[in-house]
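Scope of the values below: all heavy atoms of this structure, side chains included, with no hydrogens, waters or symmetry mates. All values reported here derive from a predicted model rather than from experimental measurement.
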Amino acid sequence: QVQLVESGGGLVQAGGSLRLSCAASGRTFSNYAMGWFRQAPGKEREFVGAINWNGGRTYYADSVKGRFTIFRDNAKNTVYLQMNSLRPEDTAVYYCAADATHPSGAYHSTYDMDYWGKGTLVTVSS
């Protein structure tokens, strides 16, 4: 079992930045691809980005490409989501997830994720 705990959410003005962290328990973190998803009120949970097991490959949704960056520190069992140039439409609960089956990070459906955190709220004011 892997437990994931997100932190770093909050209120920020449009154009600002936030860094989310996701701390994982367990010794197998470095074997897993990790993903970030978000869910805005009344909307489906959507893919934001993913990173492969060793941090050498990242993937992003078109809506965040060029503004968000995912990176990981396997020594600290932590994955990060650096969010720059935030927009009001980025407002959502952000979840991190672990894919224990596909370490490549190339699978981005919610159904591909094996473990989920409880989420952290990001609110971007205009």
| message | Any non-hydrogen side-chain atom of V2 less than 4.5 Å from a side-chain atom of F29? | response | no
| message | Do Y80 and I51 sit in one hydrophobic cluster, given that two such residues count as connected whenever their side-chain heavy atoms are within less than 4.5 Å of each other, even indirectly? | response | no
| field | Hydrophobic cluster (4.5 angstrom, side-chain heavy atoms) - remaining members for L121 | value | F37, F47, Y59, V93, Y95, M113, W116
| Closest non-hydrogen atom pair, C22 against L4 | SG-CB, 3.9 Å
| field | Residues K65, D62: salt bridge by 4.0 Å N-O rule | value | yes
| said: With a 3.5 Å distance limit and no angle check, can you tell me whether N52 reaches the backbone of G55 through a side-chain donor-acceptor pair? | reply: yes
| Can you check whether T110 reaches E44 side chain to side chain, under 4.5 Å on heavy atoms? | no
| field | Contacts of E46 that satisfy salt bridge (charged side-chain N to carboxylate O under 4.0 Å, His left out) - sequence neighbours left out | value | R38
| request: Quick one: pull up CZ in R45 and OG in S109 and give me the separation to the nearest 0.5 Å. | output: 11.5 Å
| If we only count heavy atoms from C-beta on, is the D114 to Y32 side-chain gap below 4.5 Å? | no
| remark: CZ (F68) and CG (L20) are apart, to the nearest 0.5 Å, by 8.0 Å
| message | Grouping I, L, V, M, F, W and Y whenever their side-chain heavy atoms are under 4.5 Å apart, do W53 and M34 come out in a common cluster? | response | no
| query | Between the main-chain N or O of A33 and the side-chain N or O of D99, is there a donor-acceptor pair closer than 3.5 Å? | reply | no
| field | Single-linkage hydrophobic cluster W36~Y60, side-chain heavy atoms < 4.5 angstrom | value | yes
| message | Please give me the minimum heavy-atom distance between A92 and A40, naming the atom from each residue. | response | CB-N, 3.8 Å
| query | Are the side chains of M83 and V122 in touch, meaning some heavy atoms are under 4.5 Å apart? | reply | yes
Donor-acceptor pairs under 3.5 Å, side chain of residues 11-19 to any protein atom, not counting sequence neighbours: which ones?
from: S17; atom 1: OG; to: N84; atom 2: OD1; distance (Å): 2.9
from: R19; atom 1: NE; to: Q82; atom 2: OE1; distance (Å): 2.7
from: R19; atom 1: NH2; to: Q82; atom 2: OE1; distance (Å): 3.2

| task | Calculate, to the nearest 0.5 Å, the distance between atoms CG and CG belonging to N54 and N74 respectively. | result | 7.5 Å
| field | Enclosure of Y115 OH (heavy-atom neighbours >12, cutoff 6.0 Å) | value | yes
| said: Using 0.5 Å steps for rounding, measure from the OG atom of S30 to the CG atom of N77. | reply: 7.5 Å
| Is a donor on one side and an acceptor on the other found under 3.5 Å between the side chain of E6 and the backbone of K118? | yes
| said: Keeping T123 on the side-chain end and T91 on the backbone end, is there a donor-acceptor pair under 3.5 Å? | reply: no
| Test side-chain contact (heavy atoms from CB on, under 4.5 Å) applied to V79 and I70, step by step | CA-CA 7 Å; V79 63; I70 296 174; 3.9 Å; yes
| Hey, does the side chain of S25 reach the backbone of Q3 with a donor-acceptor pair shorter than 3.5 angstrom? | yes
